[in-house]
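Along the sequence shown, the residues carry numbers beginning at 1.
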Amino acid sequence: MSDYNKDHKDLGDQGNEDTLKGKLKETAGKVQSKLGHATDNPKEEARGNSKQFEGKTQSTVGHTERKIDNTLDPNK
């Protein structure tokens with residue numbers, strides 16, 4: 001195995017990390033959006049909606065990374 005592979009995560013590990021971070025960001029965005037709605041603050045609500053979208057995107061990317069890794073190395 002090369003030194004590069006020892007120092008870097010494979011796509012599956014990175015995918016798991018991105019999926020988790022995405023889910024956390026999505027949840028934080030939901031809370032922020034609801035808080036903005038409850039306090040009648042449209043800017044805060046929009047920021048929360050944006051954060052939710054970022055989280056969903058990051059989670060989807062993580063899921064895709066895991067699928068690619070499993071396809072490239074099915075012996076895991």
Next item on the list: Determine which pairs satisfy salt bridge (Lys or Arg N to Asp or Glu O under 4.0 Å) with at least one residue from residues 21-38, sequence neighbours left out, and list them in order.
Entry: Glu17-Lys21, Lys25-Glu54
Item checked: Interatomic spacing from OG1 in Thr64 to CG in Asp18 - rounded to 0.5 Å -> 10.0 Å
If you look only at distance, which donor and acceptor atoms sit under 3.5 Å apart when one is on a side chain in residues 35-49 and the other is two or more places apart or in another chain?
{"unit_1": "Thr39", "atom_1": "OG1", "unit_2": "Leu35", "atom_2": "O", "d": "2.8"}
{"unit_1": "Thr39", "atom_1": "OG1", "unit_2": "Gly36", "atom_2": "O", "d": "3.4"}
{"unit_1": "Asn41", "atom_1": "OD1", "unit_2": "Lys43", "atom_2": "N", "d": "3.3"}
{"unit_1": "Asn41", "atom_1": "OD1", "unit_2": "Glu44", "atom_2": "N", "d": "3.2"}
{"unit_1": "Glu44", "atom_1": "OE1", "unit_2": "Arg47", "atom_2": "NH1", "d": "3.0"}
{"unit_1": "Glu44", "atom_1": "OE2", "unit_2": "Gln32", "atom_2": "NE2", "d": "2.7"}
{"unit_1": "Asn49", "atom_1": "OD1", "unit_2": "Ser33", "atom_2": "OG", "d": "2.9"}
{"unit_1": "Asn49", "atom_1": "ND2", "unit_2": "Glu45", "atom_2": "O", "d": "3.4"}

Next item on the list: Please list, chain by chain and in numerical order, all residues satisfying side chain to side chain contact (heavy atoms under 4.5 Å, CB included) with Leu72, sequence neighbours excluded.
Entry: Ile68
Next item on the list: Tell me who clusters with Leu20, hydrophobic residues only, linked when side chains sit under 4.5 Å apart either directly or through other members.
Entry: Leu24
Notebook entry, point to check: Counting N and O atoms only, with roles assigned by atom type, does the side chain of Thr19 sit under 3.5 Å from a partner on the main chain of Gly15, one being a donor and the other an acceptor?
Noted result: yes
Note to self: Let me confirm one number: the CD-OG1 distance from Glu65 to Thr60, rounded to the nearest 0.5 Å.
What the structure shows: 11.0 Å
